[in-house]
Colleague: 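Below you'll find the structure I mean.
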Amino acid sequence: MPRAVIVGGSAAQLLCLVVWCVLYGQWPSLAMSVVLGLGSALVQLGLAMVRPGTLGFGDVTCTLMMGFAVGWFGLTAVLMWWMLMGLIGLIMLGLCKGRGGDSIPFAPAIVLAAVIVVLLSLF
C-alpha cells in the first residue's frame, strides 16, 4: 500500500475518533485504540524483522491503520483480528501455492480480517 494512503488514512481515522470522543466523551476508547493500534504495528514490525522479506513495511503500516479501528473495540477484538488475519493469510497462501506461487500480498488479509471483526463487534 502506498505510504501516503496509510498516513492519510491513519490521520483521518484518528481525527474522526477524536471528534467522536469530543462529542460523546469516550476518551478511554481512544486511548485503547491508539495503544492497541501501535502495539499491533510493533508486533507486525517484529515479525517482519525476524525473517526479512516475508512481511513488508507496507504490511506493518497497514496493520497500524487497521489496528486503530479494531483497537477501538478492545483487546478481545484485536486478538480475534490477529487470529482471523492468520487464517485468511494461510488460506490465501494455500490458494496461491495451488496456482504455483510462493508469496502473497498480506495487506488484503489484514484489511479483510479487520472489516470482519469490526462488523462483528458492532452487532
Side-chain angles (χ1 to χ4, degrees):
M1 283 193 152
R3 288 196 177 86
V5 171
I6 297 295
V7 169
S10 296
Q13 186 172 20
L14 285 175
L15 178 63
C16 289
L17 293 175
V18 168
V19 168
W20 182 268
C21 289
V22 167
L23 294 174
Y24 298 103
Q26 294 183 333
W27 295 103
S29 294
L30 177 64
M32 184 169 32
S33 175
V34 170
V35 167
L36 291 173
L38 288 171
S40 293
L42 287 173
V43 168
Q44 196 76 296
L45 178 61
L47 292 172
M49 292 173 70
V50 166
R51 194 159 168 225
T54 55
L55 286 172
F57 193 69
D59 297 324
V60 174
T61 56
C62 183
T63 300
L64 174 68
M65 186 170 65
M66 294 297 104
F68 288 152
V70 178
W72 181 268
F73 297 98
L75 182 59
T76 301
V78 170
L79 294 174
M80 286 178 21
W81 172 49
W82 274 88
M83 288 189 298
L84 191 56
M85 210 186 329
L87 178 63
I88 292 170
L90 286 173
I91 291 169
M92 289 172 56
L93 189 59
L95 291 173
C96 187
K97 279 193 184 249
R99 295 183 187 146
D102 62 352
S103 67
I104 59 166
F106 197 58
I110 295 167
V111 173
L112 181 59
V115 168
I116 290 169
V117 170
V118 166
L119 289 174
L120 289 173
S121 296
L122 289 173
F123 301 105

Colleague: Which heavy atom in L64 sits nearest to a heavy atom in A41, and how many Å separate them?
Modeller: CB-CB, 3.8 Å
Colleague: Hydrophobic clusters here meaning ILVMFWY residues chained together by side-chain heavy-atom distances under 4.5 Å, can you tell me if V18 and F73 are in one?
Modeller: yes
Colleague: Cluster question for you: counting only ILVMFWY and a side-chain heavy-atom cut-off of under 4.5 Å, with indirect links fine, are L47 and M65 together?
Modeller: yes
Colleague: So, do L17 and W72 sit near enough that their side-chain heavy atoms are less than 4.5 Å apart?
Modeller: yes
Colleague: Report yes or no: do M66 and V115 belong to one cluster of Ile/Leu/Val/Met/Phe/Trp/Tyr joined by side chain heavy-atom distances under 4.5 Å?
Modeller: yes
Colleague: Does some side-chain heavy atom of F68 sit less than 4.5 Å from a side-chain heavy atom of L36?
Modeller: no
Colleague: Show which side-chain atoms of residues 77-96 pair as donor or acceptor with protein atoms under 3.5 Å away, not counting sequence neighbours.
Modeller:
unit_1	atom_1	unit_2	atom_2	d
W81	NE1	I110	O	3.1
W82	NE1	S40	OG	3.4

Colleague: Nearest 0.5 Å please: distance from the CD atom of Q44 over to the CZ atom of F57.
Modeller: 11.5 Å
Colleague: In Å and rounded to the nearest 0.5 Å, what is the CG to CE distance from L75 to M32?
Modeller: 9.0 Å
Colleague: Do V50 and V43 share a hydrophobic cluster (ILVMFWY, side-chain heavy atoms under 4.5 Å, transitive)?
Modeller: no
Colleague: If you compare all heavy atoms of A114 against all heavy atoms of V70, which two are closest, and at what distance to 0.1 Å?
Modeller: CB-CG2, 3.7 Å
Colleague: Does some side-chain heavy atom of L55 sit less than 4.5 Å from a side-chain heavy atom of V60?
Modeller: no
Colleague: Applying side-chain contact (heavy atoms from CB on, under 4.5 Å), run through L14 and V34 and close with a yes or a no.
Modeller: CA-CA 8 Å; L14 285 175; V34 170; 3.9 Å; yes
Colleague: Give every residue pair that meets the side-chain hydrogen bond (donor to acceptor under 3.5 Å, both in side chains) criterion with at least one member in residues 21-34, sequence neighbours excluded.
Modeller: W20-Q26
Colleague: At what distance, to the nearest 0.5 angstrom, does OG1 of T61 lie from CZ of R3?
Modeller: 6.5 Å
Colleague: Any non-hydrogen side-chain atom of T63 less than 4.5 Å from a side-chain atom of L45?
Modeller: no
Colleague: Which side-chain hydrogen bond (donor to acceptor under 3.5 Å, both in side chains) pairs, counting each pair once, include a residue from residues 83-94, with sequence neighbours left out?
Modeller: none
Colleague: Working to the nearest 0.5 angstrom, can you tell me the gap between M49 CE and L42 CG?
Modeller: 10.5 Å
